[in-house]
A.B. asks: 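Following this message is one structure expressed as structure tokens.
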Amino acid sequence: MGALLCLLSAACFGAMAIFGKYAYDARVDVGDLLLLRFVIAAVLLLVVARVTGALRGLPRHSIPAGLAMGGIGYATQAGLFFGALQRMDASLLALILYAYPALVTLGAIALGRERATVRRVVALLVASAGTVLVLGAAAAGGLDALGTAMGFGAALAYTVYILVGDRIGPAIPPLALAALVCTGAAGTFAVVSAVRGGPQFDFDAAGWGWVTAIAVVSTVAAIVLFFAGVARVGPSAASILSTLEPVVTVGLAAVVFGESLGAVQLAGGALVLSAAVVIRPAEARRRAAEDRLVPGGLEQLGDAAPRGLRVQGFTARVEATAYDAGVVAQQQESPAEQGERGLAVLAEVSLESTGEGDQAVVADADRSRQ
């Protein structure tokens, strides 16, 4: 069931570009589309977060931080994405945008948050080669330079958004973060709309249906389904399952719009997706302990696929503290006492790092010691 929920979430996200194309056919302006999308999504997510209690007890600084993530980072990414969608095929845009997992890994290495392991370097090279194949084949048929630049800009904006959210997100329950991000983005597009003279809702009646589909299906439902799925299969498996999203976009674009990718483009897209799958299992092993100790804190929100907002450095802190305690124990204590001290240290660090909500970790350590 968990895997099915994650796949349904990816399908909902993957359909967004198709809904967007239909909205443009109904004469919906991109600015009005983004405003309506985030207003509808924010209202629904705030209701869900309120009912589930996700908004209770938020740290005081987390509310402006979450709003800023949406109003600056996510609004930039969404604006570039839908701007590019006006100028290029949905299938090609999906493959360009999905270069973001490799960009996130590269950024994390540059910032010192990750190590440049062989697996990561190979994945980056594979993703780069796949992107070159996709764009090279597309250029042969006439590639829109501005649309391509906006597509890469969306991937880069999302990369920055994830790296920033990596520090902010873990302190906020995922549903609350999603609601704050959509609210912040809605505020940004409301200001943009006001500067442009206000929203224009004189588009075709069908446009309301497609915009609502983007907000309800490809934003709210996609996020809620992903949260439900990740609670059952874990964030690492959910991230890998989310690679279905661009496949859904390419497949729907071929069926609905008759878009076709050449053999070289398909091969390039396969390389990009395989690189994302190669990167994520490596993250799964390194972050296994933090995934268990911070349940539900690793979810993400986005136009491409659900993306990980993870607690950095937790494993390193546990290992360093446990190592120091182990040295002292070896010198001064018996094997039984060493084991008790190690469990006590792990419980203490776990409680300090994850907050009072993870008292169960300490309880498990107490039971093991007994």
Side-chain angles (χ1 to χ4, degrees), residues 8-47 70-71 74-97 142 144 146-148 150-151 153-154 181-225 245-246 248-261 301-304:
L8 287 174
S9 171
C12 289
F13 275 119
M16 181 165 57
I18 310 304
F19 296 151
K21 286 287 190 182
Y22 274 122
Y24 293 153
D25 289 342
R27 301 186 302 111
V28 180
D29 177 76
V30 62
D32 295 335
L33 184 154
L34 290 167
L35 173 62
L36 291 171
R37 175 203 177 184
F38 286 112
V39 168
I40 296 171
V43 171
L44 293 177
L45 284 171
L46 285 170
V47 170
Y74 195 51
T76 300
Q77 190 271 347
L80 290 171
F81 176 86
F82 279 96
L85 187 61
Q86 285 185 308
R87 309 181 67 91
M88 63 195 312
D89 288 348
S91 53
L92 180 58
L93 176 59
L95 295 180
I96 291 175
L97 187 65
D144 186 284
L146 180 57
T148 302
M150 294 175 76
V181 165
C182 284
T183 301
T188 294
F189 289 116
V191 172
V192 171
S193 179
V195 171
R196 297 174 56 199
Q200 302 294 326
F201 297 149
D202 56 350
F203 45 79
D204 298 343
W208 287 100
W210 298 118
V211 170
T212 302
I214 292 173
V216 175
V217 177
S218 298
T219 305
V220 176
I223 293 168
V224 173
L225 285 170
E245 180 196 336
V248 170
T249 303
V250 171
L252 288 177
V255 172
V256 176
F257 301 128
E259 295 180 8
S260 61
L261 296 174
L301 170 68
D303 277 332

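Since we're looking at a predicted model, the values are computed, not measured.
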A.B. asks: Are the side chain of Ser193 and the backbone N or O of Phe189 linked by a donor-acceptor pair below 3.5 Å?
C.D. replies: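 Side chain of Ser193 to backbone of Phe189: no pair is present.
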
A.B. asks: What pair of heavy atoms forms the shortest contact from Val220 to Ala41, and how long is it?
C.D. replies: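 Between these two residues, the closest heavy atoms are CG2-CA, 3.7 Å.
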
A.B. asks: Look at the side chain of Asp32 and the backbone N and O of Gln200, then say whether any donor-acceptor pair between them is shorter than 3.5 Å.
C.D. replies: yes

A.B. asks: Are the side chains of Leu85 and Met16 in touch, meaning some heavy atoms are under 4.5 Å apart?
C.D. replies: no

A.B. asks: Donor-acceptor pair, distance only, cut-off 3.5 Å: does the side chain of Arg27 make one with the backbone of Asp202?
C.D. replies: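 A pair under 3.5 Å: yes.
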
A.B. asks: Any heavy-atom pair between the side chains of Leu33 and Tyr24 that's under 4.5 Å?
C.D. replies: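 Answer yes - side chains close enough.
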
A.B. asks: Take the angle between the ring planes of Tyr22 and Trp210 and call it parallel below 30°, perpendicular above 60°, tilted in between.
C.D. replies: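 Rings of Tyr22 and Trp210: parallel, under 30°.
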
A.B. asks: So, for Ala90 and Ala17, which heavy atoms are closest and what is the spacing to 0.1 Å?
C.D. replies: CB-CB, 3.8 Å

A.B. asks: Taking all non-hydrogen atoms of both residues, which atom of Ala84 and which atom of Gly151 are closest, and how far apart?
C.D. replies: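 Smallest interatomic distance, heavy atoms only, reads CB-N, 3.8 Å.
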
A.B. asks: What is the minimum heavy-atom distance between Ala222 and Cys12, and which atoms define it?
C.D. replies: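 Minimum heavy-atom separation between Ala222 and Cys12: CB-CB, 3.7 Å.
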
A.B. asks: How long is the span from the CD1 atom in Ile40 to the CD1 atom in Ile214, to the nearest 0.5 Å?
C.D. replies: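 Spacing of CD1 (Ile40) from CD1 (Ile214) equals 9.5 Å.
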
A.B. asks: To the nearest 0.5 Å, what is the distance between CG (Asp144) and CE (Met150)?
C.D. replies: 9.5 Å

A.B. asks: What distance do Phe13 atom CZ and Leu225 atom CG have between them, rounded to the nearest 0.5 Å?
C.D. replies: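 Here the rounded value is 9.5 Å.
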
A.B. asks: Answer whether the closest heavy-atom distance between the side chains of Val211 and Trp208 falls below 4.5 Å.
C.D. replies: no

A.B. asks: Could you measure the distance from the NZ atom of Lys21 to the CG atom of Leu252? Nearest 0.5 Å is fine.
C.D. replies: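 Here the rounded value is 14.0 Å.
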
A.B. asks: Looking only at non-hydrogen atoms, find the nearest pair between Val217 and Ala221 and report the distance.
C.D. replies: O-CB, 3.5 Å

A.B. asks: Please confirm whether the backbone N or O of Ser91 pairs with a side-chain atom of Thr249, one donor and one acceptor, at under 3.5 Å?
C.D. replies: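 Judged by distance alone, no pair lies under 3.5 Å.
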
A.B. asks: Write down the atom of Ala215, the atom of Arg37, and the distance for their closest heavy-atom approach.
C.D. replies: CB-O, 3.5 Å

A.B. asks: Check the orientation of Tyr74 and Phe38. Use parallel for under 30°, tilted for 30 to 60°, and perpendicular for over 60°.
C.D. replies: perpendicular

A.B. asks: To the nearest 0.5 Å, what is the distance between CG on Leu46 and SG on Cys182?
C.D. replies: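 Spacing of CG (Leu46) from SG (Cys182) equals 8.5 Å.
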
A.B. asks: With a 3.5 Å distance limit and no angle check, can you tell me whether Asp29 reaches the backbone of Gly31 through a side-chain donor-acceptor pair?
C.D. replies: yes

A.B. asks: In Å, rounded to the nearest 0.5 Å, how long is the span from CZ of Phe81 to CG of Leu34?
C.D. replies: 10.5 Å

